[in-house]
Every structure is written in C-alpha cells, then in structure tokens.
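To start, the structure under review is shown below, and the notes come after it.
Throughout, a chain's letter reflects where its sequence line sits, starting with A, and its residues are numbered from 1.
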Amino acid sequence: MRTHGPLPLWDTLHGSVQGVNKTRNQDHYDVEGLGSAGQPLIMAVADGHGSAVHARSHLGSRFAVDLFVQQARQFAALAEPRGELRPPSLAWLMNYAQYTLPRQLVSAWQEKALGHWARTSSHEEPALSPPDKLVLYGSTLVGAVLTPRVFAAWQLGDGELTVVTDDGQVTVPLAPDEADLGDETESLCSPQAWLRVRTHWAPVTTPARAPRLVSLTTDGLSKSFASDSGFRQFMAGLDDRLSAEGAECVRAVLPEWLAKASQHSGDDTTLVAAWHTATAPAGPAAPAGPAAPAGPAGAAAPAEPAGPPEPAARTPEPADISDMTDPYRSE
Amino acid sequence: MSGMLDSGTRLTADSGLGVEVFDLLGAGGQGEVYRVRTGSGDQALKWYYPACATPEQEDIVRQLVDRGFDDDRFLWPRDFVADGRGGFGYLMDIRPDRFKGLPLLFRRKLRTTIRALLTACLYTVEAYQALHSRGIAYRDISWGNLLFDPVTGEVLVCDNDNAVVEGDSTGISGTMAFMAPELVRGEPGVSPGTQSDLHSLSVLLFMLLMNHHPLMGRRELDIHCFDEAAERRLYGKDPLFLFDPQDRSNAPDPVEHATVLATWAVAPASLRDLFTRNFTRGLHDPAARVRESQWRDALRAVLDAVVDCAHCGKQNMTEPRAATAGTCWSCGNALVLPPRLVLTTPPPRTEHHILLHRSSRVQAHHLAPEPARHDYGDGTLVAELTEHPQRPGKFGLANRSGAAWTGTRADGSTQEIAPGQTVPLRSGLELDFGGARAVVRAR
C-alpha cells in the first residue's frame with residue numbers, strides 16, 4: 001500500500017501467468033492512474049486467441065491494450081475537461097462510450113495490425129486478404145475507465161469485468177446475454193467488430209456509491225472454476241481479503257493464485273483489479289484477525305477444479321465476412 | 001455500482017400513488033430506470049441524475065404528464081415522482097420483452113424480415129407524425145429511443161422526456177449524429193422542432209433499413225479523435241451523404257462500410273431517391289426534407305411490393321409497379337413477379353398495388369383513401385391469400401371482414417363472397433369491397 005502523499009482513490013493489483021505447455025503468454029494488460037480527474041484510472045486486459053490460425057495474436061493483444069489505453073485517455077479527457085472547458089453532457093458521453101469509442105478502437109487496432117503485417121511480412125508469404133491478415137492478430141479485450149464522473153467499461157469476446165458494488169454485491173455486468181452464448185468467440189478481428197463490443201455505463205452520481213472493487217480478467221481465470229459461482233466466490237473472497245488485509249498482502253500472493261488457476265484452466269491467466277481505498281483502512285495492512293476470511297486463495301486453489309487441464313488454444317471461427325455483407329442475414 | 005435509489009425506497013407520485021423501488025433496470029444518458037411496485041402493478045421509474053434534475057427538466061416532465069398522451073406506441077411519462085430533496089423522475093409502463101433495440105439488429109442478433117423492418121419504418125413514421133400533429137416536437141430522435149418487435153414491426157418510442165410543445169426552445173438536446181445540421185451548427189434563432197425532427201427521422205429510417213449512418217463514410221475513417229469538434233464537422237458544418245451523386249468524397253469504403261454498400265444496393269429506387277433528396281438538398285434546406293406523409297406513402301408501397309424469392313424464400317424489396325423485379329439479394333437468382341391486386345380506394349382515389357405472395361393480406365388501411373394509421377395486425381385484417389386445401393398451388397382470397405363482397409369474373413358473371421368464404425384467384429377478377437374496388441392482374 002502506498003504510504004506517501006495523499007491517499008489515492010484507487011489502489012491497483014495486476015498479474016499475468018503463462019499457461020502450461022504454451023510457448024508464450026498471449027495475454028497482455030495495462031493499468032494506470034488513480035481515478036482522479038487528472039489521473040483517470042484506466043485498466044485493460046486482452047487475450048490473444050493463440051493457435052496457428054492466430055499466429056500473431058500475442059501482438060494483437062498488445063495492440064489491443066495499448067490502443068485501448070489511448071482511447072480511454074481520450075475518453076477520460078472528454079469526461080473531465082481541464083480548465084474552463086465545460087464538460088459535455090452525460091448523454092453525449094454515453095453515446096461516445098457506446099458507439100464512438102468502439103468504432104475508433106476497432107479501426108485503430110485493424111490499422112495497427114495491417115500496418116504491422118505490411119512492415120514485417122516477407123514476399124514469400126502467401127498473399128492474404130485484409131480480413132485474413134487480421135485473423136492472424138485476433139484478440140479479445142476488456143477495458144475500463146474510472147473518473148470522478150463516470151465509470152465505463154467495454155468488452156469484446158470472452159473474459160470478465162467483475163464489479164463489487166458499494167454494498168458488497170458481486171456482479172459481472174458485461175456477461176454476454178444468453179442468446180449470445182454458443183456463438184463463436186467474438187474478436188477484434190471479427191468483421192465489423194465494433195458492433196459486437198458490449199458497453200457498461202455507470203455515471204458516478206455520489207462518490208459513496210462508486211464500486212468497491214473493479215476487476216478485469218482473461219478467461220484463463222474463470223475457466224479454472226467449475227462454475228460461474230466459483231468464480232464469483234473468488235471475487236467476493238478477493239474483496240474480503242483486500243478489506244481485511246490490504247492490497248500489499250494480496251499483491252504478494254496474487255502470482256501464486258494466478259499460477260494455480262492457470263494450471264487448472266491450462267490457459268494464460270491475467271488479472272487487473274482496482275480497489276476503492278476510500279473505504280479502506282488508511283494505515284498499513286489491517287490485522288487479519290480471526291474472522292479474516294480464507295480469501296480467494298482458497299477458492300482459486302482447486303476448490304472447484306474444472307477437471308483436467310485443457311489445452312489453452314481456442315479456435316474462434318472468425319465469422320464469414322460475407323455473412324456481414326449480406327443484408328438482413330438474420331432473416 | 002449500485003444506483004441512486006436503494007431497493008425498498010418508498011416514494012409517492014403526484015397522483016398519490018405509492019411507489020416502492022425494486023430493482024435497477026439500467027442507466028442512461030440522463031438518469032436511471034428502476035422497476036418499481038405500485039398499487040397499480042409494477043411500473044418503470046425513470047430517476048434523473050442530479051446534474052440532469054434541473055427545474056427546466058422538471059417543467060418538461062410535468063407538462064408531459066399533464067398532457068396525458070395515451071398512445072400504445074409511446075412509453076409516455078404517466079406520473080411525476082419527487083423525493084422532496086431535489087430528486088425527481090416519472091413513472092411509465094415497463095417495456096415488454098418483445099421490443100428490441102437497434103444495436104441488436106446491427107449485430108445480426110435478431111430474427112427479423114424485410115417486411116417487419118419496413119413495417120417498423122412505417123410505424124415509426126406514423127408514431128412521430130402522431131406526435132407532431134399534436135404540436136409536440138420530440139427533439140431527441142435517435143436509435144437509442146426506438147424499440148421494435150422484430151416479428152411484427154410494431155414500435156415503441158421511449159425516452160419521451162425531451163419532447164416539448166413546438167416552439168419551446170427549452171434546453172436543446174439530442175444526439176448529434178441524429179440532429180439536423182442547422183442545430184449542430186448552432187445557428188442563431190434555430191431551435192429544435194418538427195422540421196429538425198424530420199431530419200432525425202430520416203436518419204433513423206436509413207439506419208433501420210441500411211444498418212448504417214447516412215453521413216459516416218470515408219471521412220469518418222480519417223477522424224482519429226472523435227470529439228465534439230469532429231462531430232460538429234461531420235454532422236453540422238460539412239455534412240455529406242454517403243451516396244451523394246455529385247460528390248463522392250464521403251463514399252462508403254468497400255471494406256469498412258461493406259454492409260451499407262450491400263443494403264443500399266438492394267433498396268428500391270423510390271426509397272433511395274427519398275433518402276438522396278433528404279441527405280443532399282435537405283441537409284441545407286429544411287423545407288426540402290422528406291415529410292412524414294411522403295415516407296409513409298413510399299414505405300407502404302414498397303411493403304406491398306416485397307417479393308419472396310422462389311429459389312431461396314428470402315424476402316426482397318422491389319420497386320412498386322415495376323415490370324421486373326431484378327435478382328435475389330441472397331441467392332442471386334432472378335425474382336419472379338407474382339400476380340398483383342390493384343386496389344382503388346373511394347375518392348380521393350388512391351391506387352395500391354399489392355403483390356400476391358403466399359401470405360398476402362389486405363388490411364383496413366388499404367381500403368381507406370387517407371388512413372389515419374396503418375395497422376398490419378389481425379384486428380384490421382380484411383382479406384388474406386389462402387391455398388386450396390385439396391389443390392395445392394391454387395390460391396384464393398378469403399374474406400376476413402364482417403361484410404360481403406361482390407366478385408365479377410372476366411366473363412362478366414358475378415358472385416357474392418360472404419365473410420369466411422374464399423374466391424378463387426383469376427386474372428381479371430374484380431372485387432367490390434363496399435367502396436374500394438380491386439382487380440387481379442397477372443402482371
């Protein structure tokens with residue numbers, strides 16, 4: 001826990017472990033800021049799809065995170081303008097969050113991936129169409145921005161945004177609708193991917209009502225549990241442990257938790273979390289005391305193993321581009 | 001994050017109705033919506049964010065509640081609710097699950113049909129027309145506040161709390177992508193009203209049918225920071241239609257805008273012409289915008305001219321009264337125009353051409369020269385095509401109305417068709433619906 005200067009609004013945790021039997025970690029993440037107007041809290045995790053079809057997805061996930069951070073800074077600057085500038089209405093910001101940011105982010109990611117291909121591919125490589133090139137870089141993304149005025153988050157593909165509310169409820173607000181389950185993995189390389197971005201929009205009307213914990217994870221973590229409830233229990237335990245023992249203690253054990261989860265899921269496993277310290281003890285870690293819960297270590301440790309480790313490679317079938325260009329395909 | 005109101009919070013509406021907050025349904029641009037329990041059953045409560053809970057907004061909501069607009073196409077504010085500490089909101093009906101938002105359509109997550117989409121467009125036009133005819137400007141038409149039933153095309157307009165009496169310039173709002181250019185530019189003396197609503201309505205119709213914004217072409221791709229200044233340029237200072245015939249500098253990009261290229265290509269010329277007029281001359285001259293009645297007539301005609309592909313069964317829009325139908329958008333085979341029912345209303349005579357497909361229907365509005373409202377539901381059904389139970393491939397027109405018709409065959413013989421009876425379809429058959437007359441034509 002930081003001990004110098006003013007108490008930060010948010011304290012952060014992060015970690016990522018490579019899946020067993022994988023040659024490289026295809027996850028990427030970033031986190032910055034404190035949640036103030038000048039230093040908005042920005043978090044992102046991305047999961048490159050892996051497998052030969054997505055041979056450059058470790059780069060795709062890095063591009064996704066880097067470009068999201070850029071877009072998120074822009075969004076936060078719009079939400080909290082400096083100086084005399086009048087802030088835009090919440091309605092305008094919501095429209096920006098729901099439609100403009102996904103559009104810009106996907107365009108920037110595609111431009112980056114195609115630019116990278118142009119710079120690094122040799123003439124001997126087979127000629128690929130732009131959509132085929134994008135598939136090589138395919139990645140998911142979960143990102144969030146917190147400013148004093150708004151909390152907004154975005155998700156494309158799998159992974160989890162978990163929010164523990166001020167009253168302790170564990171929610172996963174961007175979980176796909178039931179109707180979306182069973183679809184191919186949605187991805188930044190999908191045709192018109194911006195239409196598939198799910199947005200969480202929650203203006204902060206009262207600081208006391210801000211969430212207590214916001215966590216972004218790749219699916220290496222959730223897949224390590226046999227059920228959704230196991231994952232939620234893990235998150236509730238993380239919140240409890242942060243409240244009881246402080247972020248420093250959790251930081252120390254996080255790599256071990258992620259490693260255990262990764263062993264069960266077989267996948268790269270990444271967690272980025274922000275904890276609202278305004279409600280936390282201001283001093284060093286609070287004594288755990290006898291009532292301190294076992295914490296998420298108990299949950300991540302194979303309380304509900306998901307069975308034998310599965311190979312991490314996923315083979316999301318990128319939707320046939322002709323599907324999206326056929327008008328009224330859903331007819 | 002929890003909402004502004006706790007579950008269990010008790011409030012009292014202006015009417016005296018007790019309200020208990022039950023569940024947060026969602027957050028929007030101006031406030032949150034909760035499911036609440038009342039003595040009259042569950043309802044929805046919109047509660048404004050503190051920044052939006054202004055005296056001006058309170059006045060608007062109170063006026064809208066007092067106006068008591070009873071129309072099933074609108075989730076209208078029904079009762080004013082305040083907490084006595086500056087917070088307020090209003091009660092409205094809960095949105096039935098069958099109504100879906102446009103983002104699901106754009107993501108291809110809805111099972112719908114071209115007929116349902118055209119019906120939704122027609123109903124949308126008439127919904128706003130109903131509002132305008134009462135002297136109310138909606139001012140915030142956008143894809144966020146229109147819901148539609150993907151099966152029937154019925155529409156539900158929500159977020160009506162920015163509607164004001166025409167001429168009232170209180171708190172200009174709206175989503176810039178849907179705002180008329182003169183409003184985006186902030187020209188002096190210009191305030192939102194019916195004329196600017198017509199622009200927003202056309203944008204909405206374009207998005208329903210083309211699944212894309214009419215001004216977002218190549219220029220959009222050059223914008224790297226889509227801030228308010230960029231939006232003002234795109235939608236206000238220098239708007240340019242994707243398919244402007246004189247200026248192709250904002251044309252769709254073949255990769256990025258593949259959907260709109262495909263949907264535009266299959267739209268009939270009559271609709272494309274109206275969109276082109278609205279988004280070329282109409283961008284700069286509000287008087288040149290397409291009026292609701294023009295949209296209504298064009299959409300109704302195209303709806304009557306939808307053809308089912310004989311090869312793949314997909315629905316195709318065709319140009320009303322055209323002699324040929326082109327090829328199917330889905331399988332590429334040539335479309336075959338079926339026989340048509342040419343229906344002439346009583347004076348002032350209007351002619352409708354209804355292409356006769358397997359489930360063609362004649363509705364009450366087909367018989368009226370100037371129907372106040374189109375309704376494709378069962379309650380207004382007059383006639384429908386039915387297949388002969390013993391002779392597949394033979395069709396007749398069944399009388400589903402409450403009155404008998406008179407039929408005259410090509411040889412001059414006549415026949416009365418009582419309610420429930422079916423008359424075999426033959427070219428040249430004339431039908432008298434008791435005012436409106438119709439004739440079956442092979443082509």
Side-chain angles (χ1 to χ4, degrees), chain A residues 71 74 77-78 87-96 98-101 103-104 107-108 110-111 129-131 149 151 163 165-167 169 171 173 177 179-180 183 186 191-192 195-196 199-206 209-212 214 319 321-331, chain B residues 1-4 6 26-32 49-52 103-114 116-117 140 142-144 150 173-177 209-211 213 216 220-221 223-228 230-231 255-256 258-259 261-267 314-315 329-330:
Chain A
Q71 291 291 331
Q74 221 165 66
L78 292 167
S89 69
L90 285 170
W92 188 87
L93 271 179
M94 183 181 78
N95 191 63
Y96 188 99
Q98 289 183 332
Y99 310 118
T100 308
L101 188 145
R103 184 77 178 87
Q104 299 235 112
S107 287
Q110 294 186 345
E111 191 180 325
S129 67
R149 203 170 168 220
F151 167 33
V163 178
T165 61
D166 61 298
D167 55 358
Q169 284 184 59
T171 62
D177 292 339
D180 289 352
D183 278 12
E186 296 190 328
Q192 299 192 300
L195 296 175
R196 301 159 189 260
T199 308
H200 177 59
W201 167 255
V204 181
T205 52
T206 315
R209 289 274 165 121
R212 215 155 68 185
V214 177
I321 193 163
S322 64
D323 284 354
M324 294 305 293
T325 55
D326 278 349
Y328 319 116
R329 180 177 68 89
S330 53
E331 184 186 350
Chain B
M1 178 183 297
S2 39
M4 291 179 283
D6 287 320
Q30 291 182 298
E32 295 170 339
Y49 298 131
C52 302
L104 286 177
L105 171 71
F106 300 158
R107 292 175 63 197
R108 298 293 187 261
K109 294 290 184 189
L110 294 180
R111 284 194 175 277
T112 188
T113 62
I114 285 176
L117 281 176
D140 191 21
S142 84
W143 67 349
S173 66
T175 307
M176 225 184 281
L209 290 175
M210 308 297 163
N211 297 178
H213 193 283
M216 290 183 84
E220 168 224 5
L221 302 177
I223 300 172
H224 291 286
C225 176
F226 216 94
D227 56 9
E228 281 189 302
E231 276 202 298
V255 175
E256 292 281 336
T259 294
L261 283 166
T263 49
W264 181 256
V266 301
K314 296 289 185 188
Q315 296 178 7
W329 64 264
S330 180

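Only the side chain of B/W143 comes within contact range of chain A, with heavy atoms under 4.5 Å apart. A/T100 touches chain B through its side chain: at least one heavy atom from C-beta onward sits under 4.5 Å away, while N, CA, C and O do not. A/Q169 does not touch chain B: none of its heavy atoms, backbone or side chain, sits under 4.5 Å away. For chain B, no part of A/Q98 is nearby; none of its heavy atoms comes within less than 4.5 Å. Residue B/L221 touches chain A through its side chain alone, counting heavy-atom pairs closer than 4.5 Å.
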Original post:
Do B/Q30 and A/L90 pass the side-chain contact (heavy atoms from CB on, under 4.5 Å) test, and can you show the C-alpha distance, the side-chain angles, and the key distance before you say yes or no?
Top reply: CA-CA 7 Å; B/Q30 291 182 298; A/L90 285 170; over 6 Å; no
Original post:
Taking it one step at a time, do B/M176 and A/N95 satisfy side-chain contact (heavy atoms from CB on, under 4.5 Å)?
Top reply: CA-CA 9 Å; B/M176 225 184 281; A/N95 191 63; over 6 Å; no
Subject >> side-chain contact (heavy atoms from CB on, under 4.5 Å) evaluation trace for A/Q192 with B/R108 >> reply: CA-CA 11 Å; A/Q192 299 192 300; B/R108 298 293 187 261; over 6 Å; no
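Annotation: the span from B/F106 atom CZ to A/R196 atom CZ amounts to 14.5 Å, rounded to 0.5 Å. Rounded to the nearest 0.5 Å, atoms OH (A/Y96) and CD (B/E231) are 9.0 Å apart.
For the salt bridge (Lys or Arg N to Asp or Glu O under 4.0 Å) test, residues two or more places apart in sequence or in another chain that qualify with B/E256 are A/R103.
The shortest heavy-atom contact between B/P103 and A/Y99 is CG-OH, 4.2 Å. The two residues B/P50 and A/T205 make their nearest non-hydrogen contact at CD-CG2, 3.8 Å. The minimum heavy-atom distance linking A/R209 with B/D6 is given by the pair NH2-OD1, 2.7 Å. B/A27 approaches A/W201 most closely through the heavy-atom pair CB-O, 3.6 Å.
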